[in-house]
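Worksheet for the structure shown next.
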Amino acid sequence: MSTLLEVKGLKKYYGTRKEVVKAVDDVSFAVQEGETLGIVGESGCGKSTTGRAILRLIEPTEGEVFFQGQLLTSLKGDALRKARRDLQIVFQDPYASLNPRMTIGSILEEPLKVHGIGNASERKAKVNKLLQTVGLTEAHFDRYPHEFSGGQRQRIGIARALITQPKLIIADEPVSALDVSIQSQILNLMKDLQEEFQLTYLFISHDLSVVRHISDRVGVMYLGRLVELAPKKGMYETPLHPYTQALLSAVPHPNPSEKRERIVLTGDVPSPANPPSGCAFHTRCQACMDVCKTERPALKETADGHFVACHLY
Ligand code: SF4
Ligand code: MG
């Protein structure tokens, strides 16, 4: 497998006169072609900001993003637009991003027009084929977003992301707004599409069970930092970071032999405007040592492909 996406030292700081909010604070990871890398963490941990900064939907404060070896963070205008053909996003609530006055057909045709792909009849044929691929029909071409259910809208959101035949999809909480029964339909659709079109996913979610279902590797974020990164099996069976251990202790296990004692985290998540010194988790960590209060732990490899940022290791 080759590396498709590489994120190096990514930072997104928001400054106000009084304080600096470190939404993403020095995050590095790589995504291999054809894999699904899940990114989990509680709301406000910076996972969505990371996804948007990679796509340059928001400008990173610092850091580099390489996509297919090309430095995305230096691209402008046409070059950036061209790169975006290969790099798409699926949002949590597609409804909010679907123009209510446009038909599904014209919504899906729009990216093709922007990128100058095909003539009118070729575009229409492409859209109709894709509608079927995502489980909708040609009859939906002339319908409007409000006529669809939540699950169908997410199928439309996925189709819109796929229409330019991208290599990488950043999916930001794509099933979080859906009923559990619909969630698995959409996740299975995403898996089928991945196989059919050799897609690579960066899958962002607060839901550890959903991430487990779809990912090959998993990264855990806390307060703008990546604290653990590992193959799925290692992450779910032998989590190393005390924060990951606490998160996982709270989810029901598909395999009862994995059941571990519930670790209850005390205290609120500190504000990213004023993150704790040293290890950002030290205010809530039961294993906290003196060094944790002053020195930020680096993300280090402890076993084959299992990385953790914690002074215990
Ligand atoms: Fe806990 Fe220290 Fe590890 Fe942070 S570095 S998670 S405070 S043991
Ligand atoms: Mg989010």
Side-chain angles (χ1 to χ4, degrees), residues 7-14 19-30 37-51 61-63 204-209 211-212 215 217-253 258-313:
V7 176
K8 284 184 175 172
L10 190 72
K11 292 183 183 173
K12 179 63 191 179
Y13 291 177
Y14 295 96
E19 57 189 15
V20 179
V21 175
K22 298 179 175 179
V24 177
D25 193 13
D26 202 359
V27 165
S28 302
F29 60 86
L37 175 65
I39 300 283
V40 284
E42 293 162 292
S43 114
C45 71
K47 53 194 193 308
S48 295
T49 308
T50 299
T61 307
E62 221 180 286
I204 297 165
S205 175
H206 70 283
D207 187 327
L208 287 142
S209 308
V211 165
R212 180 178 202 156
S215 305
R217 288 191 305 138
V218 179
V220 177
M221 285 186 72
Y222 183 77
L223 271 180
R225 305 172 185 192
L226 191 62
V227 298
E228 189 161 0
L229 178 68
K232 173 165 68 179
K233 193 169 157 44
M235 184 68 84
Y236 283 84
E237 290 177 12
T238 50
L240 298 178
H241 198 283
Y243 177 61
T244 313
Q245 291 171 350
L247 279 184
L248 280 173
S249 78
V251 278
H253 292 280
E258 271 177 49
K259 185 140 186 65
R260 49 183 88 81
E261 216 174 302
R262 175 83 197 260
I263 304 166
V264 180
L265 284 179
T266 50
D268 293 330
V269 181
S271 159
N274 188 18
S277 58
C279 171
F281 187 59
H282 88 252
T283 51
R284 303 169 81 197
C285 182
Q286 292 171 355
C288 179
M289 305 168 283
D290 278 345
V291 60
C292 305
K293 296 175 188 162
T294 53
E295 272 179 50
R296 175 169 172 172
L299 194 67
K300 278 182 296 202
E301 190 167 10
T302 57
D304 210 13
H306 199 140
F307 295 81
V308 65
C310 171
H311 291 304
L312 289 173
Y313 304 96

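In each ligand, atom 1 is the first atom listed, and ligand 1 is the first ligand listed. Owing to the predicted nature of the structure, the values given are computational and were not obtained by experimental measurement.
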For residues 263-273, dump all side-chain donor-acceptor pairs below 3.5 Å to protein atoms at least two apart in sequence or in another chain.
residue	atom	partner	partner atom	Å
Ser271	OG	Ala273	N	2.9

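A centroid separation of 6.0 Å or more is found between the aromatic rings of His241 and Tyr222.
For atom 3 (Fe) of ligand 1, protein N/O/S neighbours under 2.8 Å (waters excluded) are Cys310 SG.
Listed by chain and number, the residues in a side-chain contact (heavy atoms from CB on, under 4.5 Å) with Lys293 are His282, Cys288, Asp290 (sequence neighbours excluded). With sequence neighbours excluded, the residues forming a side-chain contact (heavy atoms from CB on, under 4.5 Å) with Thr50 are Leu10, Val24, Phe29, Ile54, Met221, listed by chain and number.
Looking only at distances, no side-chain donor or acceptor of Tyr13 sits under 3.5 Å from a matching main-chain atom of Glu62.
To the nearest 0.5 Å, the span separating CZ on Arg262 from CG on Leu248 amounts to 11.5 Å.
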